[in-house]
2 protein chains.
Amino acid sequence: VSGRWVIISSDRAKRPQPGPLGGCSQQSEACPFCAGNEQETPPEVLAYREQTGGPDGPGWSVRVVPNKYPAVITVSGTAHPEKLYESRPGVGAHEVVIESPEHAVSMALLEDRQVAAVLHAYRDRILDLGKDERWRHVLVYKNEGREAGATLDHVHSQLIALPEIPETVVNEIASARRHYESSGRCLFCKILEHETTEGKRTVDASERFSALCPYAPRFPYETWIVPKTHSAFFERCTEQEYSELAAFLRRILTRLIVLFGKLSFNYVIHSAPHRDGAQGYYHWHIEIMPKLAQAAGFEWGSGSFINPVAPEEAARVLRSAL
Amino acid sequence: VSGRWVIISSDRAKRPQPGPLGGCSQQSEACPFCAGNEQETPPEVLAYREQTGGPDGPGWSVRVVPNKYPAVITVSGTAHPEKLYESRPGVGAHEVVIESPEHAVSMALLEDRQVAAVLHAYRDRILDLGKDERWRHVLVYKNEGREAGATLDHVHSQLIALPEIPETVVNEIASARRHYESSGRCLFCKILEHETTEGKRTVDASERFSALCPYAPRFPYETWIVPKTHSAFFERCTEQEYSELAAFLRRILTRLIVLFGKLSFNYVIHSAPHRDGAQGYYHWHIEIMPKLAQAAGFEWGSGSFINPVAPEEAARVLRSAL
């Protein structure tokens, strides 16, 4: 009816239940992501350690583990196709990036170099997962706070490698290609140029990055971070770029937290599929989505969004926050 | 970039703020939807009164008023188109259906005949708004509970008339048309036949209606109510059908509440656009979406959904709830 694919993942129903929205944080001693509790997670696939130390012990700064309650799994399951419907095994990889050994509850509270290490971990996992012929795309995303869908408070993000490119990325690539074919230019580069000239929706800028409220934001205070020069792949940034991006990302999150206090938000990194030839016209970016309101009946029923805050107003308020 | 339209509605930012999720209900005396407080809403566009009584006074059972904080407005605004972007005035009608004169907080707690009156109000407003040449579609939806996006607790639903058919409805109509053109049959009729035979995803049935968990549900325990015989327009049901649907809808909501206690949910009525010739192949239905989990980074970043409860399991549990 809808043409929509969904991932049915019964394992995820076994996740620890966080209790009602707004409930208390886990205590650090019970948190599976805190240093010292490494045995509570599946064996790590990546960790950064300053001193030499064995895997799955303490001493790490960032640690990546398979999701204990994965949405998709790397072993091939069985599909149960039926007349009328399509179905296939839910293969993929689902990993958790634990962003700090300590029980911090917001990325904005980490040090810049800690956030830079998180970005390095994204890069390393995207490159490693990209070697697996089965995966066509790796989506990095973050749920911070209960209203944003997090079930654990300890700062973390996630990545899912899939055999298909997600619909949202497919649509963005298609728009970018159409624009490139008709004008010979990258759509995102052109938008950045336009927004920088207009100035109404720009929030902040560093040497290499720009933050802006997009023209048609789904959510109040939705903010995108875009590299100023054309670049299709997040995972091909230089060391300098990751360092600068870490500080810039933290500054944007800090602007939001100054405005709204404790804030739940999602972000997602949209980067070109690694084997898709979109590098000429696709432009990676981070979409930050504060959770100040719920998507509700109108949104789910129409596919459209009601946003009570115009992007020009959101950008103005965010600019003045710091 | 996304090809997405959003409604920017600065008036809605002025809505009363309900405080943190899970906060206390309004007291009845402060509730603008309670009988006796009619002056707190814009003048009614429809009300059912047993005794004769003037508009905007007490004595009503169901009352429909323009939304005080509308997402769209009936007077033509001004668009501010810019190079690169499309924009148009946010015209439409946005109304609130107040489902009871008393401060009930769940549709499941209303009497069957009260719910039938609500369905009549939907019908009357859809037919009346359909006379306005500007509107191509009327979307009826309900947000019950804070986690479902409601800002007021008093039972109510909403409808939005728009000059465009919403994307979700456009997609469903396109699927239904493709299926009709290739097979000569209504896709929904065929699904109902298949599901009734399989029995794995059926939840409940009355004489004229069937409830089932769809094959690719976005949300845990998502349940659709579908008329058993082909019908494109919700607003063309008979009196008997509305009465039966009212009791059936309440029974499905009761199943959910028995399972989950106080429940936040959305529902949406998808009915054929009134001037679109889709009646041969489109089939109206109600999509009920319990809010047991949040859409999060993966959903917003991919356009896909992770659902931890298979529809066969959801249907089994819902069947056994009563």
Side-chain angles (χ1 to χ4, degrees), chain A residues 1-10 12-13 20-22 71 82-85 139 141-143 147-149 158 160 166-168 171-172 175 187-188 190-191 194 198 214-218 266-268 270 287 289 293-298 300-310 313, chain B residues 1-10 12-13 20-22 71 82-85 139 141-143 147-149 158 160 166-168 171-172 175 187-188 190-191 194 198 214-218 266-268 270 287 289 293-298 300-310 313:
Chain A
V1 171
S2 65
R4 190 187 291 127
W5 282 88
V6 302
I7 297 173
I8 302 292
S9 157
S10 305
R12 285 182 72 72
L21 284 175
E82 288 178 42
K83 185 175 71 164
L84 273 178
Y85 304 126
L139 189 75
Y141 64 97
K142 183 174 177 66
N143 305 336
E147 288 83 2
Q158 299 179 67
I160 291 191
E167 188 191 356
T168 305
N171 288 345
E172 290 190 357
S175 281
L187 175 58
F188 293 84
K190 200 162 163 185
I191 286 174
H194 176 75
E198 286 278 324
Y215 186 75
R218 288 158 287 186
N266 303 113
Y267 71 57
V268 59
H270 277 171
E287 303 180 5
M289 296 166 277
Q294 320 277 329
F298 178 78
W300 299 123
S302 71
S304 186
F305 291 81
I306 299 171
N307 182 345
V309 184
E313 170 67 6
Chain B
V1 170
S2 65
R4 189 187 293 127
W5 282 88
V6 302
I7 298 173
I8 302 293
S9 157
S10 305
R12 285 182 72 72
L21 285 174
E82 288 178 40
K83 184 176 72 166
L84 274 178
Y85 304 125
L139 188 75
Y141 63 97
K142 183 176 178 62
N143 305 335
E147 289 82 0
Q158 300 178 68
I160 291 191
E167 188 191 355
T168 305
N171 288 344
E172 290 189 358
S175 282
L187 176 58
F188 294 85
K190 200 162 163 186
I191 286 174
H194 175 74
E198 286 277 325
Y215 185 74
R218 287 158 288 186
N266 303 112
Y267 70 58
V268 59
H270 277 172
E287 304 181 4
M289 296 166 277
Q294 320 278 329
F298 178 77
W300 299 123
S302 71
S304 185
F305 291 81
I306 299 171
N307 182 344
V309 184
E313 170 68 6

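Note that the structure is predicted; figures quoted are calculated from it, not measured. Protein chains get the first letters and strands the later ones, always in sequence-line order, with residue 1 at the start of each.
Counting heavy-atom pairs under 4.5 Å between each of B:G303, B:A148, B:G297, B:S175 and chain A puts B:G297 at the top. Per-residue heavy-atom pair counts under 4.5 Å with chain B were compared for A:N143, A:I191, A:I8, and the maximum is reached by A:I8. The candidate from B:A71, B:S304, B:S9, B:G3 with the greatest count of non-hydrogen atom pairs under 4.5 Å with chain A is B:S9. Contact count against chain B (heavy-atom pairs under 4.5 Å) is highest for A:A296 among A:A296, A:G149, A:S10, A:A216. For chain A, the option among B:A293, B:P166, B:A295 with the highest count of heavy-atom pairs below 4.5 Å is B:P166. With chain B as partner, the option from A:N307, A:V268, A:V309 having the largest number of non-hydrogen pairs under 4.5 angstrom is A:N307.
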Could you check B:F305 against A:I7 for side chain to side chain contact (heavy atoms under 4.5 Å, CB included), going step by step and ending with a plain yes or no?
-> CA-CA 6 Å; B:F305 291 81; A:I7 297 173; over 6 Å; no
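A heavy-atom distance below 4.5 Å is found between the side chains of B:Q294 and A:Q294. In this structure, A:L187 and B:V1 have side chains that are in contact, with non-hydrogen atoms separated by less than 4.5 Å.
Using a 4.5 Å cut-off between heavy atoms, A:V6 touches chain B through backbone and side chain atoms alike. Residue contact with chain A, scored on non-hydrogen atoms closer than 4.5 Å, involves the side chain of B:E198 exclusively. Heavy-atom distances place both the backbone and the side chain of A:I306 under 4.5 Å from chain B. Heavy-atom distances place the side chain of A:N266, and not its backbone, under 4.5 Å from chain B. For a residue to count as touching a neighbouring chain, one of its non-hydrogen atoms must lie under 4.5 Å from one of that chain's; by this rule A:P217 touches chain B with backbone and side chain alike.
Every residue two or more places apart in sequence or in another chain that forms a side chain to side chain donor-acceptor pair (under 3.5 Å) with B:Q158 is listed here: B:N67, B:H94, B:Y141. Taking the salt bridge (charged side-chain N to carboxylate O under 4.0 Å, His left out) definition, one finds that A:E82 meets it with B:K200, B:R201, sequence neighbours left out.
Contact detail for B:L84 and A:H194: the closest heavy-atom pair is CD1-CB, 3.6 Å.
Between B:Y215 and A:W5, the distance from one ring center to the other does not fall under 6.0 angstrom.
Judged purely by atom type and a 3.5 angstrom limit, B:H270 uses its side chain to pair as donor or acceptor with the backbone of A:G301. Side-chain atoms of A:N171 do not come within 3.5 Å of backbone N or O of B:S2 as any donor-acceptor pair.
Between A:W300 and B:W300, the ring planes lie parallel to each other; the angle is under 30°, not in the 30° to 60° tilted range.
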